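Here is the structure we will look at.
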Amino acid sequence: MTAMTLDPRQLGTGGLFAAGRPDLAAHEAAYGRRPSGWTRKELLAELDASGLTGRGGAGFPAWRKLAATGSGRAVVIANGAEGEPASRKDATLLREAPHLVLDGLVTVGEAVGASTLFLYATRDSLASVAQALAERRDRPKVKLVEAPEAFISGEASAVVNALETGVALPRDKALRLGTSGYEGRPTLLHNVETLAHLALVARFGASWFRSAGTAEDPGTRLYSLSGDVPTEWVVEAPGGATVRDVLRLGHAEPSSLAAVLVGGFHGAWVPAEAFDLPLTGRGLARYGATPGAGVLMGLARGRCGLESSAGIVRYLAESSARQCGPCMFGLPAMASVIERIAAGERTPWLASEAERLAGLVTGRGACRHPDGSAKFVHSTLAVFRDEVQAHLSGMCTAHRGWA
Amino acid sequence: MSRRQLELHIDFARCDGRGLCTELLPELLVRDDWGYPVGRGGRDVHVPERLSDAAQDAVDLCPLQALMLRRVTRA
């Protein structure tokens with residue numbers, strides 16, 4: 001392993017962007033050269049000790065995916081497709097720190113003896129990755145594949161489908177990717193932020209990673225801030241940071257917000273009174289929220305939560321790949337009901353109908369799009385419960401009655 | 001204790017809601033608002049042994065080959 005040029009303790013929060021520039025010289029000046037020669041066993045142990053979890057949404061422990069990847073002509077995929085309209089973190093990372101992502105991809109590729117490395121991202125992101133690849137001394141052979149700008153294009157089975165056939169649609173999963181993924185080969189798919197963290201764990205070790213964050217949520221994570229905030233930001237915050245901490249890091253005033261949508265459109269609303277809870281699955285369990293892919297979308301005080309939610313459910317309905325009946329029909333039905341509530345229709349059973357439809361679509365797709373959409377609807381009805389009741393009796397507190 | 005169970009997997013990307021399976025397996029499957037099969041467990045429905053023949057018929061007769069019967073190990 002090569003010597004470090006920067007005291008890793010100085011990296012801490014902000015570590016992913018410590019290079020300051022996307023070029024190889026800045027990257028190596030900040031972090032030193034990529035340590036090569038990690039075996040699967042060693043890397044697995046180091047990742048396990050680090051507690052690094054996936055930053056793409058599902059949040060699986062990174063070591064577990066490595067352990068589940070069968071041997072043979074393995075394939076590693078760096079997934080930088082952000083379907084979430086409110087997510088910017090992966091694009092920002094690929095633009096500002098592409099070498100860190102490539103280090104992670106090459107390191108994990110070496111560890112599993114991969115014969116093929118892919119980086120899947122949208123066109124703009126691929127341009128900076130191509131530039132970074134051209135400067136690399138180790139000349140890794142990374143196949144760049146363009147991801148369409150669509151909500152479900154980053155879902156794991158859609159990614160594999162896109163690489164095989166050029167069509168970024170989810171498919172039914174009878175077998176695990178680790179056993180039979182791309183062209184039936186053992187496939188390891190990680191989000192690009194996960195790979196960037198992995199690159200740093202491989203350099204500085206598990207205990208360095210744990211020097212930031214908490215025991216439950218070690219290291220740092222990227223958050224994309226959007227919605228009713230002064231500016232859209234991508235911030236890097238230590239694990240265990242509260243909603244309020246991250247809002248402040250992103251120069252948003254927490255007291256101006258009524259709620260924050262945590263985790264993106266498949267996420268859950270967290271109301272203002274819970275802003276002091278840590279952004280972890282356990283911390284936000286009451287709301288069914290997890291940091292997911294790190295999306296925080298603010299809803300200003302005085303704005304109607306149901307109106308905002310109706311727009312999101314409609315978007316989700318329109319994002320169905322139209323492959324699975326329950327999703328293709330159920331989501332538009334669900335969106336219509338939420339829209340009717342938001343519009344102030346005085347029909348008392350609308351809320352229970354929305355709950356019924358959400359229950360009806362859950363678990364009945366090739367991917368988790370219906371499940372995620374249903375989860376968002378459950379969250380909307382729970383967090384804006386008072387607002388729902390007000391609407392069903394013909395009142396919108398945000399609009400102070402109907403105009 | 002883990003035990004082997006028979007499970008009917010529904011590939012909703014193939015399923016077109018023809019409804020033959022719901023006629024062959026009314027004990028396990030009902031139809032949703034749009035005619036697609038609904039069973040407990042979403043796309044993986046536990047099949048008791050006494051219904052294994054009927055489940056196999058549903059698999060064999062599905063015009064879109066959207067059903068699969070498999071043994072799984074459950075904790």
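Please read all numbers here as calculations on a predicted model, not as lab measurements. Below, read A as the first sequence line, B as the second, and so on, with proteins coming before strands; counting in each chain starts at 1. The basis for the numbers below is simple: all heavy atoms, side chains too, and nothing from hydrogens, waters or symmetry mates.
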Check this for me: [X], atom [atom1], are more than 12 non-hydrogen atoms of other residues, nucleotides or ligands nearer than 6.0 Å?
X	atom1	answer
A/Glu149	CD	no
A/Arg356	CZ	yes
B/Glu27	CD	yes

So what's closer than 4.5 Å to chain B heavy atoms on A/Leu169: side chain, backbone, both or neither?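 Neither part, no heavy atoms under 4.5 Å.
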For A/Ala321, is it the side chain, the backbone, both or neither that has a heavy atom under 4.5 Å from a heavy atom of chain B?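 Contact with chain B involves no heavy atom of A/Ala321 at all.
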With chain B as the partner chain, list the residues of residues 150-162 of chain A whose heavy atoms fall under 4.5 Å from it, by residue number, and write 'none' if nothing qualifies.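 So far as heavy atoms go, nothing in residues 150-162 of chain A approaches chain B to under 4.5 Å.
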Any residue of residues 366-376 of chain A which, by heavy atoms, sits under 4.5 Å from chain B: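 Interface residues of residues 366-376 of chain A: A/Ala366, A/Cys367.
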By ring-ring contact (aromatic ring centres under 6.0 Å, His included), which residues pair with A/Phe265, not counting sequence neighbours?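 A/Tyr315.
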When only heavy atoms count and the cut-off is under 4.5 Å, which of residues 16-26 of chain B reach chain A?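 Within residues 16-26 of chain B, no residue comes under 4.5 Å from chain A.
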Just by distance, do the side chain of A/Arg171 and the backbone of B/Ala13 share a donor-acceptor pair under 3.5 Å?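 Between the backbone of B/Ala13 and the side chain of A/Arg171 there is no qualifying donor-acceptor contact (under 3.5 Å).
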How many angstroms lie between CG in A/Leu360 and OH in B/Tyr36, if you round to the nearest 0.5 Å?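 OH of B/Tyr36 is found 12.5 Å from CG of A/Leu360.
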